[in-house]
Asks: 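Structure provided below as structure tokens; questions to follow.
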Protein chains: 2
Amino acid sequence: MVTIKDVAAHAGVAFKTVSRVVNNDPTVKPKNREKVLKAIHELGYRPNRAAQMTRRKKSGIIGFIADELLRVPYTFDLIRGAQDLAWRHNKELMVLNVNVDKYSVEGAVDHLFEHRAEGIIYAAMYHREVSVPSQLAEVPAVLANCYDSSGLYPSIVPDEKEAAREITQTLLDKGYQRVLFLNLNENIIAGRLRKAGVEQAFAENNLSTENVVIESVIVRENQIERSVARERAADLITRFKPDAILCGQDPIAVEVYFVAQALGLQVGKDIGIASFDDWDIIPTLLQPGLTTMALPHYYMGQWAFNYLLDGRSDKIRETARFSLVNRQSF
Amino acid sequence: MVTIKDVAAHAGVAFKTVSRVVNNDPTVKPKNREKVLKAIHELGYRPNRAAQMTRRKKSGIIGFIADELLRVPYTFDLIRGAQDLAWRHNKELMVLNVNVDKYSVEGAVDHLFEHRAEGIIYAAMYHREVSVPSQLAEVPAVLANCYDSSGLYPSIVPDEKEAAREITQTLLDKGYQRVLFLNLNENIIAGRLRKAGVEQAFAENNLSTENVVIESVIVRENQIERSVARERAADLITRFKPDAILCGQDPIAVEVYFVAQALGLQVGKDIGIASFDDWDIIPTLLQPGLTTMALPHYYMGQWAFNYLLDGRSDKIRETARFSLVNRQSF
DNA sequence: CTACAAAAAGACAACGTTGTTTAAATTGGT
DNA sequence: ACCAATTTAAACAACGTTGTCTTTTTGTAG
């Protein structure tokens, strides 16, 4: 590989001058700068990042550990949010996917330390509490889409409750009155908080709790439960006769669309359907398109990166707002 | 940060001895090795990868450029395939997502060169022909899920035709006789090749072409077309009366499930449905589960990485077999 | 106990950069 | 034209490692 010295020889200057040109040092005469630039171009010189790192004693690397407990691909936006910023700030985002077992997480942290990562983002694939290896504290670290019980780390998670309140309020504002909420299982954080948000909305509108039914119909990612969910949903719809159904996550909405069709109900006309997540292709795959509260993954990725970039050290627990994606399902 | 010299001082040996221990050099006496190991542990020393790289003149970095023209998240498996191997071989997979514009691709390549990447994997998010920046040839490079017209690069793509032949054959073996193939648009490579595969299967079974109808019903990712697709599908089903429907991709199958329900046909009983892709959550979301030919993304990622690892330089055009994922839709 | 080979550990240079100091070239005022 | 001041460029050390060579220690045969 061509080095700074090769360039210097070719241009007939000291190698330090080449370094100056590469680093935009203004104290080099235009004539020399031109010579060097020409030589760089002719030889195809590219600075050696590893050498720069050793000398500068800065890595420019931010680590991103993706806790791949579940394989929920739409969370890829978390990575993109961080990576887009990294690119813009000329930093390296070193992404590592880890498996369930602790060994692998610690291995990833070790790995990042060896690269002298200047900060680490630890992201979970769904909103949950995590326990991270203690070594993580040796370097600035942020948790994204998760939080730790200890309060040792800053974190950002989706504002589940507010999202639920908001979409429920939107339903009510549009005149829907009887809402069936087919919630996630309540042992999932999102399930608990979303329930609270829906209840808050009803309370704020002074509506009787007779007008809302909240049922946990699904355990995440469980196929057997899903068919049960469909039956439960059909049953609840015929008994409770809601004019709107709020689904705990987009996959539930798929079930509901099928149930609605089976019952002869036209979505968006006979019955309104709303949901959470904006799960990749699902909302646009359904007809009519599913109006849903989009998880702020991209934003959380950005926020986490910016936290590190700003050199912050406060242990804030931030929440990120969902955004309502309007389609035609209500 | 603690360096090799700090460790040496703490252990009372020459810093070179520490280096030897770190690199498992057998020529260090057990007693000293122990002392050093103890010091390493006590000081929390971690080798500096950047310094190692400069001295060793090897980066251990493989670049992965993800052409993010379309945001098809299930292709994440391409990255995982490569990354799992990288981890196992103690290499670094540097993943860069790029946008449509050429500038960004070239920027990514530059970036990787600066890191002295020992090889580059260029992956497309759907099977297509690409034109890559010429600088890529300066380093060992492989194309995954795409190929270049020039033949300058080795590549691996899914074996679309064989997959279509295989699933069609499977349908025929199970006794299905009248197949409706709701294909992708034929200006997509997968559309063309899958059509050829279906036709081959019918020819090999000496079946009249009266028993198969092939229609392009969808342009990838186009919502407007999708509702048209549903109508077309309904129309074709009632007119042609197929006993099996093969869908050009899993999202089409979603439409078909709805259409089938509307027509009072029970999937897997009254009508068999098969598909391509194994698109993330879709096949398990549908009830009954969708039997589909899974794209070999993970394998392609692995293959590409291994190609580089093996130091190959032949310009092979490899194809990767889909795998049939049996569920209950036929 | 000596000699000598083999094993182990140390010294020093090198990797490709950048930071710092020192020297050379240029400029400006008289 | 000369000196000082300033701008520009060169020289050299340093970053944290590993490669190579040299020295020291250890072990063994006589």
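The figures here come from the full heavy-atom set of this structure, side chains too, leaving out hydrogens, waters and symmetry mates. The sequence lines fix the lettering, A, B, ..., with proteins before strands; numbering per chain opens at 1.
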Asks: At under 4.0 Å, does any side-chain N or O of B:Lys57 touch on OP1 or OP2 of C:dG16?
Replies: yes

Asks: Return yes if the base of C:dG10 and the side-chain atoms of B:Thr17 contain a donor-acceptor N/O pair under 3.5 Å, otherwise no.
Replies: no

Asks: Quickly work out the A:Ile4 CD1 to C:dG19 P distance and round it to whole Å.
Replies: 11 Å

Asks: Between C:dT17, D:dT17, D:dT26, which nucleotide gets closest to the side-chain atoms of B:Phe15?
Replies: D:dT17

Asks: Measuring from the side chain of B:Arg20 (C-beta onward, heavy atoms only), which nucleotide among C:dG10, C:dT17, C:dA14 has the closest atom?
Replies: C:dG10

Asks: Output the rounded distance in Å from CG (B:Asn23) to P (D:dG16).
Replies: 17 Å

Asks: Measure from CD1 on A:Ile40 to P on C:dT17 and round the result to the nearest Å.
Replies: 10 Å

Asks: Examine C:dT18: is either OP1 or OP2 under 4.0 Å from a nitrogen or oxygen in the side chain of A:Ser19? Give yes or no.
Replies: yes

Asks: What is the distance, to the nearest angstrom, from the CZ atom on B:Arg56 to the P atom on D:dG19?
Replies: 7 Å

Asks: Nearest whole Å is fine: how far is D:dA11 P from A:Lys5 NZ?
Replies: 11 Å

Asks: Within the 4.5 Å heavy-atom criterion, are A:Asn97 and B:Gln83 side-chain neighbours or not?
Replies: yes

Asks: Whole-Å distance between D:dT17 P and B:Lys58 NZ?
Replies: 18 Å

Asks: Classify the nucleic acid contact of B:Val22 as base, sugar-phosphate or nothing, counting any heavy atom under 4.0 Å across all strands shown.
Replies: nothing

Asks: Picking from C:dT17, D:dT17, D:dT18, which would you name as closest to the side chain of A:Gln52?
Replies: C:dT17

Asks: Taking all non-hydrogen atoms of both residues into account, name the closest pair between A:Thr54 and B:Ala50 and its distance.
Replies: CG2-C, 3.4 Å

Asks: From CG of A:Asp25 over to C1' of D:dT7, roughly how many Å is that when rounded to an integer?
Replies: 12 Å

Asks: Starting at atom CE of B:Met53, determine the distance to atom P of D:dC15, rounded to an integer number of angstrom.
Replies: 20 Å

Asks: Heavy atoms from C-beta onward define the side chain here; which of D:dT17, C:dG10, C:dT18 lies closest to that of B:Lys16?
Replies: C:dG10

Asks: Please determine whether any donor N or O and acceptor N or O are separated by less than 3.5 Å between the side chain of A:Arg55 and the base of C:dT18.
Replies: yes

Asks: Which atom names give the shortest non-hydrogen contact between B:Val98 and B:Ala108, and what distance separates them?
Replies: CG1-CB, 3.6 Å

Asks: Let me know, please, whether A:Thr54 or B:Pro26 comes out on the 5' side of the other along DNA chain C by nearest nucleotide.
Replies: B:Pro26

Asks: Less than 4.5 Å apart, any side-chain heavy atom of B:Glu118 and any of B:Pro140?
Replies: no

Asks: A:Asn48 has a side chain; which of C:dC15, C:dT17, D:dA10 sits nearest to it?
Replies: C:dT17

Asks: Does any part of the side chain of B:Lys35, heavy atoms only, come nearer than 4.5 Å to the side chain of B:Lys38, both counted from C-beta?
Replies: no

